[in-house]
Amino acid sequence: MIETSCSNTAHPAHRSVANDRYLLWKLGITHVVNAAHGRKYCEGSHQFYGSSVEYYGVPADDSPSFDLSPYFLPCSKYIDSALNKTGASVLVHCVVGVSRSASLVLAFLMICHGLTLLDAIHKVKERRWIFPKAGFLKQLRILDQKLAREPQLRQLP
């Protein structure tokens with residue numbers, strides 16, 4: 001499961017959950033993806049979580065001009081690999097939890113679960129409000145078109 005502070009569904013979370021190690025333990029989080037790695041107010045790192053939580057940092061700027069697309073595939077692979085481990089739960093977060101992390105979760109659903117961008121947006125919005133930046137949506141539309149043309153890209157090595 002991809003976990004958040006409010007339910008066991010595929011969507012992003014706010015940094016306050018990610019910065020509360022006790023809450024993560026209570027929620028059973030085993031893996032954290034920080035879409036604001038190295039940014040102000042985002043504590044995440046291997047040292048912060050220690051040995052109880054696996055950590056994956058994406059140094060993304062919350063700017064519509066930032067190219068998040070190079071992280072779509074490696075982040076999706078990381079989440080997919082984590083979720084294939086028995087008892088694993090993944091928290092994907094950034095600072096506010098509506099743009100960068102949402103975009104990475106949308107890419108994961110498209111790449112690993114075969115959803116179109118629109119279907120992925122609807123799936124996430126069933127559980128959480130998201131608002132990806134226009135630049136991230138444009139990159140996700142390009143991914144959607146590429147996956148439609150080349151469905152074999154959905155097969156993770």
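- Atom-to-atom distance recorded for Arg100:CZ and Tyr71:OH is 12.0 Å, nearest 0.5 angstrom.
- Asp144 places a side-chain N or O within donor-acceptor distance of the main-chain N or O of Leu117, the cut-off being under 3.5 Å.
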Q: Could you walk me through whether Ile130 and Lys125 pass side-chain contact (heavy atoms from CB on, under 4.5 Å), step by step?
A: CA-CA 7 Å; Ile130 59 170; Lys125 282 191 166 187; 3.9 Å; yes
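- The closest donor-acceptor contact from the side chain of Thr30 to the backbone of Ser89 lies under 3.5 Å.
- Between the side chain of Gln139 and the backbone N or O of Phe66, at least one donor-acceptor pair lies under 3.5 Å.
- In terms of heavy atoms, Leu83 sits closest to Ala88 at CD2-O, 4.2 Å.
- Linking ILVMFWY side-chain heavy atoms closer than 4.5 Å, directly or via other members, places Val53 and Leu23 in a single hydrophobic cluster.
- The main-chain N or O of Ser63 is never found under 3.5 Å from a side-chain atom of Asp61 such that the two would form a donor-acceptor pair.
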Q: Please assess Met110 against Leu147 for the test side-chain contact (heavy atoms from CB on, under 4.5 Å), listing each intermediate value before the final yes or no.
A: CA-CA 8 Å; Met110 293 164 62; Leu147 291 170; 3.9 Å; yes
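- Aromatic pair His31/Tyr55: ring centres not closer than 6.0 Å.
- A pairwise comparison of heavy atoms in Cys94 and Ala35 identifies CB-CB, 4.0 Å as the closest pair.
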Q) Passes side-chain contact (heavy atoms from CB on, under 4.5 Å), Ile111 versus Leu143? Steps please. A) CA-CA 9 Å; Ile111 292 168; Leu143 175 64; 4.1 Å; yes
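- The two residues Leu140 and Phe72 have their closest heavy-atom pair at CD2-CZ, 3.6 Å.
- Closest approach of Tyr56 and Cys75 over heavy atoms only: OH-N, 3.8 Å.
- Separating the OH atom in Tyr78 from the CG atom in Leu104 is a distance of 13.0 Å, to the nearest 0.5 Å.
- From Lys138, atom NZ reaches atom CG of Asp67 across 10.5 Å, with rounding to the nearest 0.5 Å.
- By the 6.0 Å contact criterion, NZ on Lys146 is open, its count of non-hydrogen atoms from other residues, nucleotides or ligands being 12 or less.
- The shortest heavy-atom contact between Leu91 and Leu24 is CD2-CD2, 3.9 Å.
- Here the CG-OG distance, from Leu109 to Ser76, works out to 8.5 Å after rounding to the nearest 0.5 Å.
- Taking CG of Leu106 as the start and CG of Asp119 as the end, the distance is 11.0 Å to the nearest 0.5 Å.
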Q: Kindly determine whether Asn34 and Val58 satisfy side-chain contact (heavy atoms from CB on, under 4.5 Å), including the steps that lead there.
A: CA-CA 6 Å; Asn34 178 358; Val58 176; over 6 Å; no
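- The distance from atom OG of Ser99 to atom CZ of Phe136, rounded to the nearest 0.5 Å, is 5.0 Å.
- What you find for Ala82 and Val90 is that their closest heavy atoms are CB-CG2, 3.7 Å.
- Between Ser81 and Asn84, the side chains place no donor N or O within less than 3.5 Å of an acceptor N or O (distance only, hydrogens not considered).
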